[in-house]
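None of these values were measured; they are calculated from a predicted model. By convention here, the first residue in the shown sequence is residue 1. Atoms considered below: every heavy atom in the structure, side chains included; atoms not considered: hydrogens, waters and symmetry mates. Atoms within a ligand are numbered from 1 in the order they appear, just like the ligands themselves.
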Amino acid sequence: MHKENQPLIFEMTKEGRVGYSLPALDVPEIDLSSHLPSGFLREESAELPEVSELDIMRHYTALSNRNHGVDTGFYPLGSCTMKYNPKINEAVARYAGFAHIHPLQDESTVQGAMEIMYDLQEHLSEITGMDEVTLQPAAGAHGEWTALMMIRAFHEANGEFNRTKVLVPDSAHGTNPASATVAGFDTVTVKSNELGLVDIEDLKSKVGPDTAALMLTNPNTLGLFEEEILTMAEIVHGVGGKLYYDGANLNAVMSKARPGDMGFDAVHLNLHKTFTGPHGGGGPGSGPVGVKKDLAAFLPKPVLVKKEDRYTFEYDRPQSIGRVKPFYGNFGIYLRAYTYIRSMGPDGLKAVTEYAVLNANYMMRRLEPYFDLPYTQHCKHEFVLSGRRQKKLGVRTLDMAKRLLDFGFHPPTIYFPLNVEEGMMIEPTETESKETLDSFIDAMIQIAKEVEENPEIVQEAPHTTVISRLDETKAARQPVLRYTKEQELVNV
Ligand SMILES: *Cc1c(COP(=O)(O)O)cnc(C)c1O
């Protein structure tokens, strides 16, 4: 499958060659077997590649050039917001005064860092319309779970131990039912109607005294704004439940509408999506949670507060759900999000939303003649096409996704949401120029034509990448493989 002969790091091995130099041992050598149980000791030394520092540098630099990232090409991965991360964020995150502080430093020595965190909390409260914010959770899903634990603590503090059900529409992000389950709730699926929105009658039939919360992904995973939120809020609050807003994709509504004003009690944000933290393999995430006043007592501790002109972490919070992250969360991501918010300003953040929505609608309407569009109303930041028409000609959405690689584009999210046959979930994001959007659209149209005229070229794609088709599930099923001396891949 290797089309070029870039050797594997194991093939570059020369016995005895090393990429480090250590000073000579100046303390007595220790025999590990007298310190560790024998079961933990290797019988043979590890089979590590033996290469020089320069060899390893060149090897990984060459590999990194084959990677597709936001900095190298368009990346319309639905629901993931793979947008450009401005480099000013990186410059600020690297300031020595931030980068070199230690989490165990005394509060009096890190007031500046605490001020940034506090201001970021304040900005996020304002953006979401919530009363208080915790920055602790390390990802979107972690934020969902944190908020659900708070909602659970709230109900239990009211003596309501019977609220065991969390309602999750079938158009929710996949992490929603997963987080509800991990937080100890039973999830109840609420159906979508023919417009792709929550079916209000179905919701009504499923709420009751056992309802703990409704988790709403908005816009939902079809890229559609839920139009009946106020009705949903009335229904859920009417039975004493709480409303949770999955705000991972806030670039669809930011500065236009606020979850807090719509009646939501809790919301999480993804700083590594909307607020330009590097995403995916690019670094740790951050999923702050905002809550209304009546959930605030349950926020994870310590809670960062301002007393007169000093910042301090409050530990004396008897109703807190406890700490959800060691130390204070992913501070480097706070700096990036803070820099982004400050450098964009209120008008900039509003423009973000306008362009995110405009770009998605532009692309959707231009592609509409060539693919099936299951939901035809205007979308928000993303939209879903169906490759149903192409499937009838023997070409799957997977094939078209692979063909996009030949045009230099990362494919969109495919086969999601599950209720769309041969789905393609496309999120162009607000940071792309019209020229880039047009070249992606041209590639998609070209592929649609190929499907009709020359389907093999799509079915056998990609043709230009270093590696052709991979086994789609092997990496998940057998995460650790190893090369033998004979260069055979084996399970570990
Ligand atoms: C990405 C995403 C999440 C999960 O965020 P992670 O940081 O990947 O855990 C949740 N909901 C929606 C709508 C998302 O797009």
Side-chain angles (χ1 to χ4, degrees), residues 70 75-83 85 124 128 134-149 166 168-183 187 192 196-198 213-226 229 243-254 257 259 264 266-290 324-325 329-330 332-334 336-337 352-353 356-357 360 379-384 412-414 416-419 423 425-430:
V70 180
Y75 207 136
L77 200 65
S79 199
C80 288
T81 313
M82 302 300 287
K83 72 183 186 186
N85 308 140
L124 298 178
T128 55
T134 174
L135 300 177
Q136 276 192 33
H142 194 196
E144 295 167 24
W145 173 85
T146 301
L148 287 170
M149 293 302 283
V166 168
V168 185
D170 59 13
S171 59
H173 193 264
T175 48
N176 291 188
S179 303
T181 305
V182 177
T187 55
S192 301
L197 305 175
V198 170
L214 167 71
M215 294 181 88
L216 196 73
T217 302
N218 188 55
N220 65 26
T221 51
L222 298 165
L224 305 175
F225 192 94
E226 290 289 348
I229 284 176
L243 262 97
Y244 179 79
Y245 189 100
D246 179 332
N249 302 305
L250 210 74
N251 56 340
V253 300
M254 182 168 58
F264 287 90
V267 54
H268 92 262
L269 302 173
N270 277 31
L271 298 190
H272 48 290
K273 290 181 181 170
T274 313
F275 298 95
T276 62
H279 187 173
S286 181
V289 170
V324 302
K325 180 83 177 69
N330 288 325
I333 299 293
Y334 306 160
R336 290 172 176 89
V352 162
T353 302
V357 173
C379 64
K380 286 289 160 200
H381 63 300
E382 66 189 1
F383 60 97
V384 179
T413 301
I414 55 173
F416 194 82
L418 299 175
N419 57 340
M425 188 180 184
I426 302 176
E427 180 181 3
T429 79
E430 69 277 8

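For the atom pair OG1 of T221 and CG of D170, the computed distance is 8.0 Å after rounding to the nearest 0.5 Å.
The shortest side-chain heavy-atom distance between T81 and E427 falls under the 4.5 Å cut-off.
N176 and D246 form a side-chain donor-acceptor contact under 3.5 Å, judged by distance and modelled atom types alone.
Taking the six-membered ring where the residue is Trp, Y244 and H268 present parallel rings, their angle staying beneath 30° rather than reaching 60°.
Taking F383 as the reference, nothing meets the ring pair (Phe, Tyr, Trp, His ring centres under 6.0 Å) condition, with sequence neighbours excluded.
Under the 3.5 Å distance criterion, the side-chain polar atoms of E382 are matched with a main-chain donor or acceptor of S79.
Sorted by chain and number, the residues within 4.0 Å of ligand 1 by heavy atom are S79, A139, G140, A141, E144, H173, T175, T217, D246, A248, N249, N270, H272, K273.
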